[in-house]
Amino acid sequence: MSGLQRCCWWVGDTGGESARLYDGLVANGWSLVPLPLPLADCRISGKDECRVGVVTLADLEVNDLRQLEPLMLRSARPWIVVGCDADLEDPEKRRIIAHLSHGMVTREVDILRLSILLEHGADLARLQQRERELQQTSRSRDERDDYEFVGTTPAMWDLFKTIRKVAAVDAPVFISGESGTGKELTAQAIHERSSRSYLPFHAINCGALPEHLIQSELFGHEKGAFTGASQRKIGRFEAADGGTLFLDEIGDLPLDLQVNLLRFLETRSIQRVGGLEDIPVDVRVLAATHVNLERAVEEGRFREDLFHRLNVLHIRVPALREHTEDIEILARFFFERFANEKASCLKGFSREALTVMQRYHWPGNVRELINRVRRAMVMCENRLIQPEDLGIERRGPNRHQVTLEEVREAAEREALLAALGRNRYRVNAAATELGVSRVTIYRLLDKHGISRTPQEEASFG
Ligand SMILES: Nc1ncnc2c1ncn2[C@@H]1O[C@H](COP(=O)(O)OP(=O)(O)OP(=O)(O)O)[C@@H](O)[C@H]1O
């Protein structure tokens, strides 16, 4: 085993009753890295050289014991616990031993045996690391396969380009776009391209959880914090330490939790529900919404200061009807993906089916396309999928009707271009003329794919 693999964190005393183990491991060729107590101030991450850790429970104060669980999770490495039978009587310690450790030994353990256990843990960590690297290599072979993103139009290439840019920095990103356009996929792609890629990516839908649960889900809780809190729970922030947290439907976050999120973005630390301790957490926040967050700010439902904190970098994911040339390639991609669910005689899409898909408005965007293709593959009784299999009305080329929404969109674009033209592209003046805020003008520029001035482009915000 190489020197690097014989590097091990040490949590506990290095002298006193622990000296025999500490000195014994050093004598066996282990390079021990003692982590300073109190553990609350200790910063480690999965990037560190140590592949394994040892903790002597008897040397820890209650406060350190509390910090042990997040530390072990954050390290993403196997830990050997030095304890005794009495530790198993304590629910806190029992949980650490049973759920988080690679094994427990007593202080009297034979050094050779402990060394073998550590080697075993280090081997496991090496295999896990290799697995993560292999996954990453295979993902980066083809840029499009990177995040299973499909798209060959300028709109999608712009999106891929922006993803690469924002992945290279560590600021929060705000992702907007209609439902089903690929906002979560975008967030995953940013994470996978970032330096945090081998640490966790956690996604949480702020609108899907009842108000009373979301705080504890995000920030965790202490034992006894409320009725039913029989154990301490680590929240998503702590679980994602070192990695990325994707907050979907951020507009649904209750106002009091918006304060907590703002506090995290300002201090980089959280407090568990029922806890008083500030716990430092290193997480990159990506947030998304399909609703108009500026309007929510105007109506007092979303804090303006939080909006600006989250909106440091902004990505708008285009609606499917804005890149209709991708519809066929997406449809074929999902046809192949669900190929094992189709009848063997089914060969693909009829020309008519492709035409109606091209003309359809796709209110549910790519998610709707996936569902319609999948349904059609089951329903189709011919060799080729027909419009009725997709559940889309068949229309002749001359009977394509323009929806009210399309008329509105076209009028909005025209008014925007006209106001910008009249005001020589000065955003403030155009905003005053149209009676909207500057932020709204920027949003509309994004929405309609209208270029900004070169300086504004560079700040991508
Ligand atoms: N360009 C794309 N290529 C391949 N798959 C895509 C693409 N865009 C979206 N998808 C797929 O469409 C589905 C919906 O995407 P996703 O969940 O990211 O959308 P969303 O915008 O986050 O939706 P919501 O607003 O409802 O949360 C997912 O299965 C995703 O993998």
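In this chain, residues are counted from 1 in sequence order. All ligand and atom numbering here is 1-based and tracks the order in the structure.
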Is it the case that Arg272 places NZ or CZ above or below the six-membered ring of Phe219, under 6.0 angstrom from the centre and within 45 degrees of the axis?
no
Can you list the ligand 1 atoms lying under 4.0 Å from a non-hydrogen atom of Met156?
1 (N)
Any nitrogen or oxygen of Gly180, main chain or side chain, under 3.5 Å from a nitrogen or oxygen of ligand 1?
yes
Answer yes or no: is there a donor N or O on one side and an acceptor on the other, between the side chain of Lys183 and the main chain of Glu178, under 3.5 Å?
yes
Consider every N or O of Val366 and every N or O of ligand 1, then say whether any pair is closer than 3.5 Å.
no
Ligand 1 and Val150, any nitrogen or oxygen pair closer than 3.5 angstrom?
yes
Determine whether Leu247 and Ile250 make a side-chain contact, defined as any pair of heavy atoms from C-beta on separated by less than 4.5 Å.
yes
Determine whether any heavy atom of Phe334 lies closer than 4.0 Å to an atom of ligand 1.
yes
Could you list the atoms of ligand 1 found under 4.0 angstrom from a heavy atom of Glu249?
25 (O)
With atoms numbered from 1 as shown, which atoms in ligand 1 lie under 4.0 angstrom from a non-hydrogen atom of Ile370?
11 (C), 12 (O), 13 (C), 29 (O)
If you measure from CD on Glu266 to CG on Leu306, what distance do you get to the nearest 0.5 Å?
9.0 Å
Determine yes or no for a side-chain-to-main-chain donor-acceptor pair under 3.5 angstrom, with Asp282 supplying the side chain and Gly243 the backbone.
no
Look at atom 24 (P) of ligand 1 and find which of Arg367, Glu184, Glu178 reaches it with the closest heavy atom.
Arg367
Give a yes/no on ligand 1: does Leu330 have at least one heavy atom closer than 4.0 angstrom to it?
yes
Within the structure, does His290 bring an N/O atom to less than 3.5 angstrom of an N/O atom in ligand 1?
no
Tell me which one of Met377, Met379, Arg372 satisfies side chain to side chain contact (heavy atoms under 4.5 Å, CB included) with Arg375.
Met379
Kindly say whether Ala171 contributes a backbone atom to a donor-acceptor pair with the side chain of Arg284 at under 3.5 angstrom?
yes
When you measure from the side chain of His191 to the backbone N and O of Leu199, does any donor-acceptor pair fall under 3.5 Å?
yes
For Asp248, which part has a heavy atom under 4.0 Å from ligand 1: side chain, backbone, both, or neither?
side chain
Determine whether any heavy atom of Gln188 lies closer than 4.0 Å to an atom of ligand 1.
no
